[in-house]
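One structure is given here, and the rest of the page talks about it.
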There are 2 protein chains.
Amino acid sequence: MSETLWAQVARDLTAGITTGRFPIGSLLPTELELCEHYGASRHTVRTAIRQLQDQGLVSRKKKAGTRVEAAAPTSGYRQSLASLEDLIQFGVAHIRTVQETAEVTADASLAAELGCEEGTRWFRISSLRLDGRPGGAPIGWTDVYIDPTYADLGDVVRASPDVLITTLIEQRYGRRSAEIRQDVDAIALPAVRAAALQAKPEAPALRIVRQYLDEKGKVFEISSTIHPAGRFTVSQRLRRMYENGHA
Amino acid sequence: MSETLWAQVARDLTAGITTGRFPIGSLLPTELELCEHYGASRHTVRTAIRQLQDQGLVSRKKKAGTRVEAAAPTSGYRQSLASLEDLIQFGVAHIRTVQETAEVTADASLAAELGCEEGTRWFRISSLRLDGRPGGAPIGWTDVYIDPTYADLGDVVRASPDVLITTLIEQRYGRRSAEIRQDVDAIALPAVRAAALQAKPEAPALRIVRQYLDEKGKVFEISSTIHPAGRFTVSQRLRRMYENGHA
DNA sequence: GGCACTTTTATGTTCGGACATAAAACTCCT
DNA sequence: AGGAGTTTTATGTCCGAACATAAAAGTGCC
């Protein structure tokens with residue numbers, strides 16, 4: 001008795017995926033079918049499937065079934081975001097001065113920018129990012145969109161100008177970001193932001209849109225930041241990751 | 001009935017840890033005690049504890065019990081570059097049409113752009129990135145700088161317009177990238193590139209500079225790509241990573 | 001045809017019980 | 001005291017069953 005039953009099932013399913021017996025995009029047999037096939041209880045089969053799910057090999061949805069997402073455990077490059085500097089890079093932890101808050105409904109244009117459904121309601125917190133020196137031009141302008149039920153965060157955000165809003169939500173509501181999606185592109189600086197950012201309208205600017213997803217894959221926060229050219233650079237270091245998980 | 005029972009238990013235990021009711025190094029109550037305390041089954045309590053374990057908050061050992069290891073979840077995000085789409089995003093695998101090749105020496109301006117020493121000699125391969133449709137405007141302009149000893153790659157690059165230059169170097173010289181550094185910022189489109197990219201000079205553009213380092217940390221390839229606004233977006237997905245390597 | 005409603009179904013949550021296993025704790029003998 | 005063997009105990013594995021829930025699929029009415 002070397003290997004546990006659920007580990008055997010997990011291994012066999014993984015093998016089926018990597019060998020192509022269960023191609024990417026296809027559905028795995030249902031739990032009941034797997035129970036019968038392996039002569040195991042549903043509990044055991046679910047434990048095995050959870051293993052694959054944790055490795056990102058499959059995703060599950062009620063009624064729809066278990067879908068094969070990838071043929072191999074996520075390997076490739078690993079980004080290290082351990083240091084404070086990395087967090088600043090990624091989360092923009094610069095000092096924030098809140099300019100305005102409002103409850104908005106996403107029209108077609110905003111929905112396209114944020115990558116959300118049209119008609120979604122958001123509570124928006126707009127702020128300027130400064131780099132500490134009082135004299136210098138601002139680094140950027142950020143619009144943070146959060147679930148309207150968190151609207152009371154507005155005051156807290158003003159009170160803690162150096163804490164990430166994501167962190168505030170986690171502390172206050174226990175909702176953690178399990179995944180972050182970031183899109184970076186270039187745009188012409190919108191005229192309405194030119195004055196506040198001390199730059200010319202239509203000047204080149206970097207736009208960073210980040211979606212924060214919880215464990216269930218639901219987006220609960222979106223931020224859109226605009227940096228005039230030369231004031232901010234998105235930096236990353238990716239190291240090749242080996243099978244054993246080390247870099 | 002908003003939150004599941006096991007999630008409530010997990011949250012309460014997490015709160016107990018962060019508030020110091022269960023200090024680091026101490027042992028949590030046994031499963032049976034927690035069952036009684038929360039009026040839940042052992043299965044439910046175990047699911048909750050597994051959550052904390054996955055987050056690296058506690059460790060478990062038979063007989064010894066459940067030990068508190070950390071007061072806050074180990075944060076750290078992992079970037080998944082598993083799918084082909086991700087590789088295209090990162091390596092720009094679009095079809096390439098080589099425009100010119102030359103041997104250059106980095107002056108102060110180029111050294112600043114590439115982040116290398118002034119005076120370094122490079123072999124430069126300049127190419128346009130197309131997206132397949134013959135009619136459309138190009139996606140971007142790429143200057144790839146490689147060690148002059150690899151100059152004979154110029155012909156190979158022309159012959160294989162859809163293969164990453166990094167891959168070619170690896171195949172031909174066995175030199176593998178162990179780390180990639182990427183910097184993204186916004187610039188005004190240089191006048192000399194405007195015509196080829198079918199855009200106006202000074203128009204907003206995205207610039208992506210990537211350094212490829214080998215195992216010893218030596219940079220052997222640098223690429224600088226310019227994309228006029230709206231033609232390219234740098235996309236990333238980061239998933240929270242836990243101690244055990246799972247997500 | 002298209003919209004509103006009901007049914008079906010696969011996964012999610014929760015319970016209760018049983019036995020296995022590893023490691024600490026204890027006992028006992030020399 | 002100290003090592004060998006036994007007991008205790010908390011976690012690990014596994015089963016069976018029931019109900020909840022979300023989403024697809026089917027149904028029927030206008």
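Letters go in sequence order (proteins before strands), and every chain restarts at 1. Since the model is a prediction, treat every value here as computed from it, not as a measurement.
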Requested in this report: Identify whether the distance between the nearest side-chain nitrogen and carboxylate oxygen of A:Glu221 and A:Arg210 falls below 4.0 Å.
Outcome: no
Requested in this report: Find the distance B:Leu32:CG to D:dT11:P and express it as a whole number of Å.
Outcome: 8 Å
Report task. Under the side chain to side chain contact (heavy atoms under 4.5 Å, CB included) rule, what do A:Thr47 and A:Thr4 come out as? Steps first, then yes or no, please. Result -> CA-CA 11 Å; A:Thr47 302; A:Thr4 63; over 6 Å; no
Report summary line: Between A:Lys61 and A:Trp6, the residue closer to the 5' end of DNA chain D by nearest nucleotide is A:Trp6
Requested in this report: Would you mind classifying the nucleic acid contact of B:Thr66 as base, sugar-phosphate or nothing, using non-hydrogen atoms under 4.0 angstrom?
Outcome: sugar-phosphate
Hey, can you pull the donor-acceptor pairs under 3.5 Å for the side chains in residues 107-116 of chain A, sequence neighbours left out?
residue, atom, partner, partner atom, Å
A:Asp107, OD1, A:Ser109, N, 3.3
A:Asp107, OD1, A:Leu110, N, 2.8
A:Glu113, OE2, A:Ser224, OG, 2.8

Query raised in the report: Within this structure, what is the CG-to-P distance between B:Leu34 and D:dA10, rounded to whole angstrom?
Result: 12 Å
**Report entry** salt bridge (Lys or Arg N to Asp or Glu O under 4.0 Å) partners of B:Arg50, counting only residues at least two apart
**Finding:** none
Query raised in the report: How long is the line joining CZ of A:Arg67 and P of C:dA10, in whole Å?
Result: 18 Å
Requested in this report: Take atom CZ of A:Arg46 and atom C1' of D:dA17, then tell me their distance rounded to the nearest Å.
Outcome: 14 Å
Query raised in the report: Between B:Glu31 (CD) and D:dG12 (C1'), how many Å, whole number?
Result: 8 Å
Query raised in the report: Rounded to the Å, how far apart are B:Arg50 CZ and D:dT11 C1'?
Result: 13 Å
Query - Nearest listed nucleotide, side chain of B:Lys63, among D:dC14, D:dG12, D:dT8 - result: D:dT8
Report task. Taking salt bridge (Lys or Arg N to Asp or Glu O under 4.0 Å) as the test, write out the residues that go with B:Asp185, two or more places apart. Result -> B:Arg207
Report summary line: Here the distance between atom P of C:dT13 and atom CD of B:Gln8, to the nearest Å, is 13 Å
Query raised in the report: What residues, two or more places apart in sequence or in another chain, satisfy salt bridge (Lys or Arg N to Asp or Glu O under 4.0 Å) together with B:Arg60?
Result: B:Glu31
Report summary line: When A:Ala64 and B:Leu28 are each assigned the nearest nucleotide of DNA chain D, the 5'-most assignment goes to B:Leu28
Report summary line: A correct 5'-to-3' footprint of nucleotides 15-20 of chain C, with B, S and - meaning base, sugar-phosphate only and no protein heavy atom under 4.0 Å, is BS-B--
Query raised in the report: Do the side-chain N or O atoms of A:Arg60 get closer than 4.0 angstrom to the phosphate oxygens (OP1, OP2) of C:dG12?
Result: yes
Query - Partners meeting side-chain hydrogen bond (donor to acceptor under 3.5 Å, both in side chains) with A:Ser26 (sequence neighbours left out) - result: none
